[in-house]
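Notes for the one structure printed next.
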Amino acid sequence: MQPTNFHDVVAGEFGQVNDYILSQLKSEIPLIEQIGYYIISNGGKRLRPLMVLLAARAAQPASGLTESTLSNAVKMASIIEFIHTATLLHDDVVDESDMRRGKKTANEEWGNAPSVLVGDFLYTRAFQIMVDVGSFQCMEILSGTTNIISEGEVQQLINCGDPDTTEESYIKVIQYKTAKLFEGAALCGAVVAEASHEHQEALRQYGMYVGTAFQLIDDVMDYVSTAEEMGKSVGDDLAEGKPTLPLIYTMKHGTEEAAQRVRAAIESGGLENLDAILADVRACGAIQYTEDKAVEQSELAIQAIANLPESEYKSALVTLAQAAVNRRN
């Protein structure tokens, strides 16, 4: 994915977001700043804050945004990035991950306790900024969003080691833990721009569909990309016993031997048969099936915003939805 393609139309605002994020990481506790700067500056596409800016602009392309509204959009984009970063800090502790985006995770570098506590700091700082924005509707959206993300993470934890997890359960988990924040980002962008109810709903749906597509491709990459491309170890999901869609499909449509091999790996959470399972997943059509599901979600996202007024911002949202399924990292 080439994120600069989407940043171009809101490059100025995006620069303001980066500056604002750094300004809000300041703390009297040096370790908070140290870990905060480490993970915030550790690469990443910043798609969620970008979605806030594009949604706000696409919702009001003709009249444009007032200086006050633009300031709130920048703050809302920063809020979304803080919430996302907090979830990453917590996820890496839960998953015992040691690498993200090609660098050591914060928990590997500083330990679990500081990572969890700095994640808490980022959550609370996000809600402090939310109060400053002063949109009760956005507070309502994002309080519900963070709650649902937590539910999704717990459900994923429950599903780990369970080879009988269904496709429906898997989709629900990724919509909760990943797509919900994309949805909140797009919807809050529309809200701060004072978009019509119709356009708010269109952008809410767009965010959910793009987020679902994004996670589907993320789960594909665990079986088709290199560690360098992903910035993490190949087979991480399998090592954690996560029954993602490629594995669920392989157990249902692969050979009996392949199904047994995948089932055993999910139950044990091991990588002893990684090479064989990689071959199983590729041979039975699981990769193509999952990619097709992602394309469906991308197309639904584009359909959702069909009635938005034509603009370079809407075009960027369309391109972003397409690029979400055509990426290697």
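In this structure, R204 forms no cation-pi arrangement with Y209, as its terminal cationic atom is not both closer than 6.0 Å to the ring centre and no more than 45° off the ring axis. Under the 6.0 Å distance and 45° angle rule, K26 does not count as a cation-pi partner of Y37.
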Worksheet entry | Criterion side chain to side chain donor-acceptor pair (under 3.5 Å) on T69 and T66, from CA distance to verdict | CA-CA 5 Å; T69 300; T66 66; 2.9 Å; yes
Worksheet item: What's the verdict on salt bridge (Lys or Arg N to Asp or Glu O under 4.0 Å) for K177 and D91, showing C-alpha distance, side-chain angles and the deciding distance?
Response: CA-CA 10 Å; K177 68 179 286 289; D91 288 355; 5.1 Å; no
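Between W110 and Y38, the ring planes are perpendicular. Angles over 60° get that label, and only those under 30° would be called parallel.
A distance-only check finds a donor-acceptor pair linking the side chain of R327 to the backbone of A324 [under 3.5 Å]. At distances below 3.5 Å, not a single donor-acceptor pair connects side-chain atoms of T178 with backbone N or O atoms of Q175. In this structure, T124 contributes its side chain and D120 its backbone to a donor-acceptor pair below 3.5 Å.
To the nearest 0.5 angstrom, L25 atom CG is 6.5 Å from L122 atom CG. Interatomic distance, CG of D280 versus OH of Y223, reported as 11.0 Å (0.5 Å rounding). Between the CD atom in E13 and the CG atom in L65 there is a gap of 7.5 Å [rounded to 0.5 Å].
Here K75 pairs with D132 in a salt bridge; the nearest charged N to carboxylate O distance falls below 4.0 Å. Salt-bridge check for R46 with E81: passed, with a basic side-chain N closer than 4.0 Å to an acidic carboxylate O.
Side-chain atoms of S71 and E67, non-hydrogen and from C-beta on, never get closer than 4.5 Å to each other.
A donor-acceptor pair shorter than 3.5 Å can be found between the side chains of Y289 and E167.
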